[in-house]
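Since the model is a prediction, treat every value here as computed from it, not as a measurement.
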Amino acid sequence: MFDSKNDFALNKMDPEAIVCRSATGVHIRLTRKDFASDEEFHEWKELSDDDYYKMVNDGRDFYDNCISLNEALDSVGLSVEDVLLTPVLEQERQERRQACIGQIRNALTDKQYRRLCLYFLQGMTEREIAESEGVGQQRISVSISSGIKALKKSLKNF
């Protein structure tokens with residue numbers, strides 16, 4: 001497979017002209033009419049094909065043994081900072097999590113804590129919680145509402 005935008009491919013795909021780029025990026029086409037004879041055109045066409053071929057192959061060793069920038073970005077591993085800081089940051093995260101859970105536990109009664117966990121973490125409805133505890137749904141609703149209010153007050157300064 002070849003790159004149809006490189007000079008070698010452009011020159012090779014047009015057997016009736018020598019194709020090259022100008023400084024402006026526009027392609028110049030030298031045809032048989034631009035040469036004194038067909039032999040001269042063929043000689044220069046062959047030379048340009050060979051020259052472009054050599055230029056393409058000269059860079060092949062380097063590019064064939066490299067990976068693209070996208071591949072390099074995808075294959076980047078952890079930096080030294082990440083390796084050194086990850087355990088410290090994880091420990092800090094765990095400590096903050098434990099402090100937050102402690103703050104929540106201190107702000108709520110045991111019933112409020114249990115009911116909020118069932119409601120928010122397990123996705124149970126107020127009616128399901130009421131049925132499982134053998135109490136009225138209104139009692140669960142009041143308990144959850146007051147628990148949320150207590151959490152807002154307690155966690156405001158956390």
Side-chain angles (χ1 to χ4, degrees), residues 1-15 17-30 48-158:
M1 189 167 141
F2 60 91
D3 179 6
S4 62
K5 294 182 181 174
N6 76 30
D7 294 333
F8 172 67
L10 290 170
N11 195 47
K12 197 68 174 171
M13 289 188 314
D14 192 348
I18 298 172
V19 182
C20 59
R21 285 183 204 202
S22 70
T24 62
V26 177
H27 293 83
I28 298 171
R29 292 184 75 245
L30 300 173
S48 67
D49 283 347
D50 289 343
D51 192 39
Y52 281 139
Y53 181 77
K54 287 176 187 171
M55 283 177 17
V56 168
N57 281 339
D58 284 346
R60 291 291 306 252
D61 288 341
F62 176 77
Y63 291 108
D64 285 351
N65 295 316
C66 291
I67 59 174
S68 70
L69 184 57
N70 288 336
E71 289 173 315
L73 290 174
D74 291 341
S75 67
V76 171
L78 294 175
S79 68
V80 174
E81 291 86 1
D82 290 338
V83 171
L84 294 174
L85 292 177
T86 297
V88 173
L89 295 174
E90 182 61 27
Q91 178 65 30
E92 287 178 6
R93 190 184 69 76
Q94 286 293 336
E95 289 170 3
R96 282 194 312 270
R97 183 176 177 271
Q98 290 300 323
C100 185
I101 290 172
Q103 187 80 13
I104 291 170
R105 291 291 295 170
N106 290 336
L108 301 172
T109 66
D110 289 339
K111 283 184 181 181
Q112 286 173 332
Y113 182 79
R114 182 181 67 249
R115 290 171 178 170
L116 284 171
C117 285
L118 291 172
Y119 186 74
F120 286 110
L121 300 179
Q122 296 196 12
M124 292 177 71
T125 64
E126 291 178 357
R127 183 175 305 280
E128 291 170 335
I129 297 169
E131 289 173 3
S132 72
E133 292 187 6
V135 297
Q137 185 258 328
Q138 187 175 0
R139 185 174 287 178
I140 299 299
S141 181
V142 169
S143 178
I144 288 174
S145 294
S146 62
I148 291 171
K149 197 179 290 184
L151 279 177
K152 284 181 180 178
K153 183 180 176 184
S154 174
L155 295 176
K156 186 181 273 188
N157 299 323
F158 184 69

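From I101, atom CD1 reaches atom OH of Y113 across 6.0 Å, with rounding to the nearest 0.5 Å. Atoms OG and CG, on S154 and N106 in that order, are 7.5 Å from each other to the nearest 0.5 Å. Between the CD1 atom in I18 and the CZ atom in R29 there is a gap of 11.0 Å [rounded to 0.5 Å]. The line from CD of E81 to CG of L89 is 11.5 Å long, rounded to the nearest 0.5 Å. Within the model, atoms CD1 of I129 and CD of Q122 stand 9.0 Å from one another, a figure rounded to the nearest 0.5 Å. A distance of 11.0 Å separates OG of S141 from CZ of R115, quoted to the nearest 0.5 Å.
Dense packing is recorded around CD of Q94, with more than 12 heavy atoms of other residues, nucleotides or ligands lying under 6.0 Å away.
When all heavy atoms are compared, the tightest approach of L151 to A107 is CD2-CB, 4.5 Å. Smallest separation of non-hydrogen atoms from I148 and F120: CD1-CZ, 3.8 Å. Of all non-hydrogen atoms in L108 and A150, the two that sit nearest each other are CD2-CB, 4.3 Å. Among all heavy-atom pairs drawn from Y119 and E126, the shortest one is CE1-CG, 3.9 Å.
At least one donor-acceptor pair under 3.5 Å links the side chain of S146 to the backbone N or O of V142.
With E133 as the partner, the side chain to side chain contact (heavy atoms under 4.5 Å, CB included) test is satisfied by one option alone out of R114, K111, E128: R114.
The pair D110-R105 meets the salt-bridge criterion, with a side-chain N (NZ, NE, NH1 or NH2) lying under 4.0 Å from an Asp/Glu carboxylate O.
Checked by atom type, the side-chain pair S143/Q112 shows no donor-acceptor distance below 3.5 Å.
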